[in-house]
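Each remark here refers to the structure printed beneath this line.
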There are 2 protein chains.
Amino acid sequence: MSAQPTEAPGAQQEASASPHSGIERLQGTELAAEVEFLTARARSLGSGRANQLLADLDLKVRSYSVLSLACSGENPSQRELADFLSLDPSQIVSLVDQLEKRGAVTREADPRDRRSKVIAATAAGRRLYRAAAAIVRESEAQSLRRLSTAERDTLRSLLQRVAFNGD
Amino acid sequence: MSAQPTEAPGAQQEASASPHSGIERLQGTELAAEVEFLTARARSLGSGRANQLLADLDLKVRSYSVLSLACSGENPSQRELADFLSLDPSQIVSLVDQLEKRGAVTREADPRDRRSKVIAATAAGRRLYRAAAAIVRESEAQSLRRLSTAERDTLRSLLQRVAFNGD
DNA sequence: ACTAATGATTGACTTTTTCAATGGTATAGG
DNA sequence: CCTATACCATTGAAAAAGTCAATCATTAGT
């Protein structure tokens, strides 16, 4: 095992599915105090779980996000999706391709600007979204289970300011 | 489908500071309220900026993270690095390979368990780390510039509980 | 009208992620 | 002691994600 001579006090390892590796020792390092790192780790855990759960619907976090925006009523263009999701426009093309092939969204030429295509959800797409959103909520609840409702709101609000800091 | 013409279709072209695409309209959507999504976006922006700045030192966020833990004094094994950084063990191999080739870290067989290799930084590695850490601090300051010191602490603390929620 | 910019798309290419297999080593049980 | 099982680091292959430049159609600027 690890290099720790002293056996862990509460050597609880069976009980549940907690493969607590030897991570605790590293939680006091400088890296573990960097928001950059914490964000990456939180995201990795969160999207890992969400992807696993969404697999039942043949969706991933990415396609779910596109579907969600397609259902928002804001009629986003592919360019807007790319900017909002921090993806390359070419990635949006294939994401929309898949959802369109599936009958979940449609591409409509924007009458104001015929270069641009507006993505909207079909009725089937909205049904799919409702099911997926329930799963994602459950997944998020798991990820945030250690936080109170107030803390979750605080986290959300702080993250919004970081994620949209108008850089 | 009522979002309408009032948003000046021509779209402003703020030359310098704000490449604000058409993102604002989507900030009120359900997706924009999901911590999962916000985390992904914050991380994408943050690591994008950090990678750009770290390029001066021929580092990326990934290699910087390994170097940081190598400098921590905790003498982590590759397995621990993998768990802590949410990476596959094989990715650690190549990350350590590069840093070792560069003379920044060493692999030492753990006397307690000769299967495992302990990663430690060399003097040159520590120098490199100090330079890189300064850059990363600067990058993080940029990412969090909209938050007060107290808010940054709050964010860090909440993220720690999410990133290490003992799942 | 002419030129420069933009949105979507394609294709090539690089990087990251994910997995299965292997050799060396430790641990548990007989 | 011996054997079965599990674990770590490593390799290699394959899938997914990300990056870029070029193109077509369209729009904006002058």
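Chain letters run A, B, ... following the sequence lines, proteins first and then strands; every chain starts at 1.
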Distances under 3.5 Å between nitrogen or oxygen atoms of protein and nucleotides 4-8 of chain D:
unit_1, atom_1, unit_2, atom_2, d
dC7(D), O4', Arg115(B), NH1, 3.3
dC7(D), O2, Arg115(B), NH1, 2.8
dC8(D), OP2, Arg79(B), NE, 3.2

Please report the distance, rounded to the nearest Å, between [atom1] in [X] and [atom2] in [N].
X: Asp97(B); N: dT10(D); atom1: CG; atom2: C1'; answer: 9 Å
X: Leu45(B); N: dG18(D); atom1: CG; atom2: P; answer: 14 Å
X: Leu95(A); N: dG7(C); atom1: CG; atom2: P; answer: 19 Å
X: Ile92(A); N: dG7(C); atom1: CD1; atom2: C1'; answer: 13 Å
X: Gln98(A); N: dA16(D); atom1: CD; atom2: P; answer: 10 Å
X: Asn51(B); N: dT14(C); atom1: CG; atom2: C1'; answer: 14 Å
X: Asp110(A); N: dA25(D); atom1: CG; atom2: P; answer: 19 Å
X: Arg114(A); N: dG7(C); atom1: CZ; atom2: P; answer: 16 Å

What protein N or O atoms touch nucleotides 16-20 of chain C N or O atoms at under 3.5 angstrom, if any, and at what distances?
unit_1, atom_1, unit_2, atom_2, d
dT16(C), OP1, Lys60(B), NZ, 3.4
dT17(C), OP1, Arg62(B), NH2, 2.9
dT17(C), OP2, Arg62(B), NH1, 2.3
dT17(C), OP2, Arg62(B), NH2, 3.3
dT17(C), OP2, Gln91(B), NE2, 2.8
dC19(C), N4, Ser90(B), OG, 3.1

(request) Please assess Arg79(B) against Ser116(B) for the test side-chain hydrogen bond (donor to acceptor under 3.5 Å, both in side chains), listing each intermediate value before the final yes or no. (result) CA-CA 8 Å; Arg79(B) 181 53 162 155; Ser116(B) 146; over 6 Å; no
(message) Between Leu81(B) and Leu128(B), is there shared hydrophobic-cluster membership here, with clusters defined by ILVMFWY side-chain heavy atoms closer than 4.5 Å?
(response) yes
(request) Tell me yes or no: between the side chains of Tyr64(B) and Glu34(A), is some donor less than 3.5 Å from an acceptor? (result) yes
(message) Could you tell me if Glu30(A) and Tyr129(B) have a donor-acceptor pair between their side chains, going purely by distance under 3.5 Å?
(response) yes
(request) Would you mind checking if Arg152(B) and Glu140(B) are paired as a salt bridge, meaning a charged N to carboxylate O distance below 4.0 Å? (result) no
(request) State whether the side chain of Gln142(A) and the backbone N or O of Ser139(A) hold a donor-acceptor pair below 3.5 Å, judged by distance alone. (result) no
(request) Return each pair, listed once, that meets salt bridge (Lys or Arg N to Asp or Glu O under 4.0 Å) where at least one residue sits in residues 84-109 of chain A; pairs must be two or more places apart or across chains. (result) Asp97(A)-Arg107(A), Glu100(A)-Arg107(A)
